[in-house]
Structures are given as C-alpha cells and as structure tokens.
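Note that the coordinates shown come from a computational prediction; the quantities given were computed from them, not determined experimentally.
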Amino acid sequence: MRSYAAIALVAVALCGVAAAAPSIVTMPLTKQLHPAGSRFPGGPAVQQAMSKASLATGSGPVVNPVGGSIWPVSIFWSFIDIGTPAQKFPVAIDSGSFTLNVPTKGCQGCITKAPNNQYDASASSTSQSYPCSFGGCSVGSCSNGQCSYSNTYETCDPTDPSQPCSISGPFYSDVVSWGEAGPVNVTFGGISDQTAGFYQFATVDGVCGMASPSGSQSVFGQLVAQGAVPSNEWALCLHEGSTSNGTISLGGVDQRLLDGEMKYTPDTGFGFYQMNFDGMTVGGQKLSGLGETIIIDSGTNDLLISQEGFDSLKQVMESMCSSTKLAGVCGESKTLFDGACFKMTQEEIAMFPNFTLSVPNIDLHMTPKDYLLLGQPDIPEGEYCLGVGVIGGGMQIIGDTTMQNYVVAFDVANTRIGWGPVNKDTCGSL
C-alpha cells in the first residue's frame, strides 16, 4: 500500500526499556497462498497455532504457518505484540508506508474475524493516550478529546490501484515486540474508523509501515533507535516453504536466505524506498513512456506502471502476434489489457515474453508465471489475468510479483536497496 496522506508521528520521551545486546531477528511471514484442503489449510487449527507464543531459540526463526490463497488477501503479514500483557495483532508488512495502525475496540468498519484483534488501551498497563491538551495536537488534529490522525492509501484495492481508502482514529503509545525484537516504545494509530470495503484489510486488518522518513515512529525505526536490533537494515523474501510463505529479517540480512550475490542500488526515496529506473524491456524490446523512478512496495501485489508504459507494453505484445499466438492477446475482441482473463495451458503461458526491469547496477527479471496470475476475485476458477496495472500521479511501483524472486534488503543506514536471488530451500522454511 502506498500512503500518500499519512501523518508523521512525533517521537515521545518515555521510560527506557532494558535490552540485551541485539542480534539479527529472523521470522517467517504469513500469506494466504494455499487453496482449501492443501497441506497448509487455513482452518481454526492453523489460526490457533499462529496465535501461540513465538517459537525460537536465541536469534533463530519464529515459525507461523498459514493457509489460504493469494487472492483476495494480496498482502504479506506477520504477528506483532502490543501492550502489557501483550495483545497479538496480525499486520501487513508495508514498505510503502511508515506508521503502525491496528484496530481499536469498537472500531467502525474493521474486521473482527480471526486472526484479527482489537486494541484495548484499558487492558494494557503501559498504554498512553494523548488528550488534546497534550501539546495542542501539533501532529494530527483534535477529535473526541484526543489527538488523532487520518491516513489515506492508494493500491488498497488491487482491482483498482488508484482508488483511495482511509483509516482514522486516536494516537496511542505502548510497548511493541516483533518476535524476539523488543519490547520498545512506539507511538501508533488506533483504527476507530475504516473505509468500508478496504480490500487489503479484508482478512488481515492492520498495517506495519516499514519506511522510516525523518520524524516517523515506525516500528522498525524504533527497534533500531532503542537498540533492539543490531543495524538499521531489514530484509524480506517471499517464497512458499515448508513452514511459512516468506521471511522478514530485522537488523540485517540473514545470509541463509540468499542463493547468490546481493547487489545494491541507491535508495533515492528520502525515507521511502525508491530507485532510479533505467527502463523496462519485454522480450528484448524497450518500453516507452515510463518514468525515471520506481517505488518498492511490499503492500502492492503486482507491477504498476504509467498509462503510457502500459500502452507500450500492449503494443509490444500485439506486435508478436504475427509470429506467436499469445493467448488472451491475439485474435481477441477483449484482451488481457482490457481486464479480461483467460484459461491457459502451461505451454501457452511459456510463449509469453520475459520482463527485465533495470535499475542502476541491477537487472530484475520476471517470467510469464510472475505476471500472469490465477485467482483474481470474481474471476472464474482457472483463468489467468494480467498482473500489470496502471497507476497515475507519476508513480511506478514494484510489488510482490517482482519481489518474490529475490531477497530484498532495505539498508536504511547506507541509503541503498539490495537485491539477491532467493534461496528457495530456506525462505519460508527457517
């Protein structure tokens, strides 16, 4: 999800939390990937296992298996703990925003089904609220006697990437732990009101923004600032393994996740994660009409490009029809580019061209299996849809369909983004 109206949270001076010498903390991600009846069923037993205490030794992994399907959830998520005693919350891992937001007790429009939870400030002995008399609400505004926020997101509806969705509510401060990392003090937004039909919150209602612009109170930023992790770097891999569907590494890159060299390119996003963009080729042909920068957003499930770039992609693929019959492109009155979806054999999918997205020092590769996607909502079973969309506002976004082939390192300390081939034997299996 890309937050374009989020409010920077102010740092609050609270009692320090004693911590042991930090080490890299590695934990599995959870994502709805598997159909009902698969080896990772999404029934009550799995949700019960997910709600139990983290299983780890030292700085080892925290294992949380989950089931479901890539649609309609279309996000990766993990559990965090908030408060004393701890209340457990599933939250989306979102590199495109920077605030922690979780539902509060009595939230209007929030999802209440398992594994979701609602924050009850009265049940936590370490919770702190901010009345309007506190600094005059210099950040946010005064609502119902409390300093409050309102965040708006794009790409919250994967079927309509430019459709905005909003959440709002009061500020709180409390202790937060993420697996073995923490507890640390974090100022966050409680969700008391949420846009009806907030698509990406339909299963997991909450978000942990991983960007760290100046003055923000991101969970990861506070883990770094309060000494709970060893370095200002985190990494993410997205791959179905034997125990989970990905791994997030806090405080550095867990080398076990890599299957080759990590290459770096400058982060030009000034607190958000963005790279200079040298262009995109499709089957060796360079697209026109693309911008000069591209955002990395783990809260977006597919690749989003400009309208001009999308038109160029369509033109390149249609030009292949004279020699290659691409299913859903050639000889159809309504094509993949019009939002139509089609049944395809593996042989037909293999006929589509590869994508290469070039950033300084690195070429990122996508095969047809990465951008021809099954399971889009309201689409007949077995039909493939085009996992490339259009976004306005001068933005272009790399999402999960590109990231799934790599370990992506967000090296905040050195202002760079790393991309390395994912070890498919370890990512999702630690």
- Query: Is the C341 SG less than 2.5 Å from the C385 SG?
  - Reply: yes
- Task: Please report the shortest heavy-atom distance between F272 and A211, naming the atom on each side.
- Result: CD2-CB, 3.7 Å
- Item | Qualifying ring pair (Phe, Tyr, Trp, His ring centres under 6.0 Å) pairs with a residue from residues 355-390, counting only residues at least two apart or across chains | F355-Y371
- Message: Aromatic contact between F89 and F79, with the criterion being ring centroids under 6.0 Å apart: yes or no?
- Response: no
- Message: With ring pair (Phe, Tyr, Trp, His ring centres under 6.0 Å) as the test, pick out the partner of Y273 among W419, F98, F410, F220.
- Response: F410
- Query: So do C142 and C137 have their SG atoms closer than 2.5 Å?
  - Reply: no
- Message: Looking at every non-hydrogen atom in both residues, tell me the closest pair between T401 and N405 and how far apart they are.
- Response: O-ND2, 4.2 Å
- Please identify each residue that fulfils side-chain contact (heavy atoms from CB on, under 4.5 Å) with T367, with sequence neighbours left out. N354, K369, D370
- Message: Tell me every residue that passes salt bridge (charged side-chain N to carboxylate O under 4.0 Å, His left out) with D120, counting only those two or more places apart in sequence or in another chain.
- Response: K105
- Distance-only donor-acceptor check, side chains S141 and S148, under 3.5 Å: no
- Would you mind reporting whether S298 and L236 have side-chain heavy atoms less than 4.5 Å apart? yes
- Message: As a quick check of understanding, evaluate side-chain hydrogen bond (donor to acceptor under 3.5 Å, both in side chains) for S168 and S150, giving each step before the final call.
- Response: CA-CA 4 Å; S168 61; S150 179; 5.1 Å; no
- So do S78 and I93 actually touch side chain to side chain, heavy atoms under 4.5 Å? yes
- Query: Does any non-hydrogen side-chain atom of N423 lie less than 4.5 Å from one of R256?
  - Reply: no
- Note on the structure: D278 meets the salt bridge (charged side-chain N to carboxylate O under 4.0 Å, His left out) criterion, sequence neighbours left out, with none
- Query: Is any side-chain heavy atom of T293 less than 4.5 Å from a side-chain heavy atom of Q396?
  - Reply: no
- Side chain to side chain, E233 and V253, heavy atoms closer than 4.5 Å: yes
- Task: Please assess I191 against D205 for the test side chain to side chain contact (heavy atoms under 4.5 Å, CB included), listing each intermediate value before the final yes or no.
- Result: CA-CA 9 Å; I191 307 173; D205 200 339; 4.3 Å; yes
- Excluding sequence neighbours, so at least two apart, what forms disulfide (SG to SG under 2.5 Å) with C208? none
- Check whether any side-chain heavy atom of V282 lies under 4.5 Å from a side-chain heavy atom of L287, and answer yes or no. yes
- Per the side chain to side chain contact (heavy atoms under 4.5 Å, CB included) rule, which among T300, L303, N301, D302 passes with D400? N301
- Query: Under 3.5 Å, is there a donor-acceptor pair linking the side chains of D311 and Q307?
  - Reply: yes
- Query: Considering only heavy atoms from C-beta outward, does the side chain of T203 approach that of I111 to under 4.5 Å?
  - Reply: no
- Evaluate the side-chain proximity of I417 to V408: yes if any heavy-atom separation is below 4.5 Å, no if none is. yes
- Query: Do S124 and D174 have a side chain donor and acceptor closer than 3.5 Å?
  - Reply: yes
- Query: At their closest point, which heavy atom of C427 faces which heavy atom of G246, and how far apart are they?
  - Reply: SG-CA, 3.9 Å
- Item | Residues S127 and Y119: side-chain donor-acceptor under 3.5 angstrom | yes
- L250/M210 under side chain to side chain contact (heavy atoms under 4.5 Å, CB included): CA gap, chis, key distance, verdict: CA-CA 11 Å; L250 304 174; M210 299 298 292; 4.2 Å; yes
- Using side-chain contact (heavy atoms from CB on, under 4.5 Å) as the criterion, list what pairs up with A413, not counting sequence neighbours. N232, D411
